[in-house]
Amino acid sequence: AAPKTSLTLRVPADAKVWLAGNETASSGAVRLFETTTLKDGQAWKNYEIKVATVVDGKEQVVSKTIDLVAGKSVELSLDPAQRTASADAQVSIR
């Protein structure tokens, strides 16, 4: 069986989230995405996570590109209002 790969995003509760170009339907401040598509030893390279939220009437967007490796759990905090995507995004991989 393929290992379970999970991605946990901490984002503003009203944010829109795109994974690899596809808008997701989830909502809330913590969003969990799981897949068993990746086989052992595989990775999705340059996997883009994009988060958009409205700040002071203007849409702000941040994005982060990661390599999603089979069997790993990745946690990310992304908040466009704080501009915490690029250098400051907290990434913890267990």
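Computed over heavy atoms, backbone and side chain alike; hydrogens, waters and symmetry mates excluded.
Under 4.0 Å is where a charged nitrogen must lie from a carboxylate oxygen, and between K16 and E59 at least one such pair does.
For the pair D67 (side chain) and N46 (backbone), a donor-acceptor distance under 3.5 Å is present. Judged purely by atom type and a 3.5 angstrom limit, Q42 uses its side chain to pair as donor or acceptor with the backbone of K39. R31 places no side-chain N or O within 3.5 Å of a backbone atom of L9 that could act as its donor or acceptor partner.
With values rounded to the nearest 0.5 angstrom, Y47 atom OH is found 11.5 Å from T65 atom OG1. In this structure, the separation between OG on S77 and CD on Q82 is 11.0 Å, given to the nearest 0.5 Å.
K64 has its side chain within reach of L76: a pair of non-hydrogen atoms, C-beta onward, lies under 4.5 Å apart. Two residues are said to be in side-chain contact when any heavy atoms from C-beta on lie closer than 4.5 Å; I49 and L7 meet this criterion.
Side-chain heavy atoms closer than 4.5 Å link hydrophobic residues (I, L, V, M, F, W, Y) into clusters, and following such links, possibly through other members, connects F33 to V62.
With sequence neighbours left out, T53 forms a side-chain hydrogen bond (donor to acceptor under 3.5 Å, both in side chains) with D14. T35 pairs by the side-chain hydrogen bond (donor to acceptor under 3.5 Å, both in side chains) definition with T37, not counting sequence neighbours.
When all heavy atoms of G71 and P3 are compared, the closest pair comes out as CA-CB, 3.8 Å.
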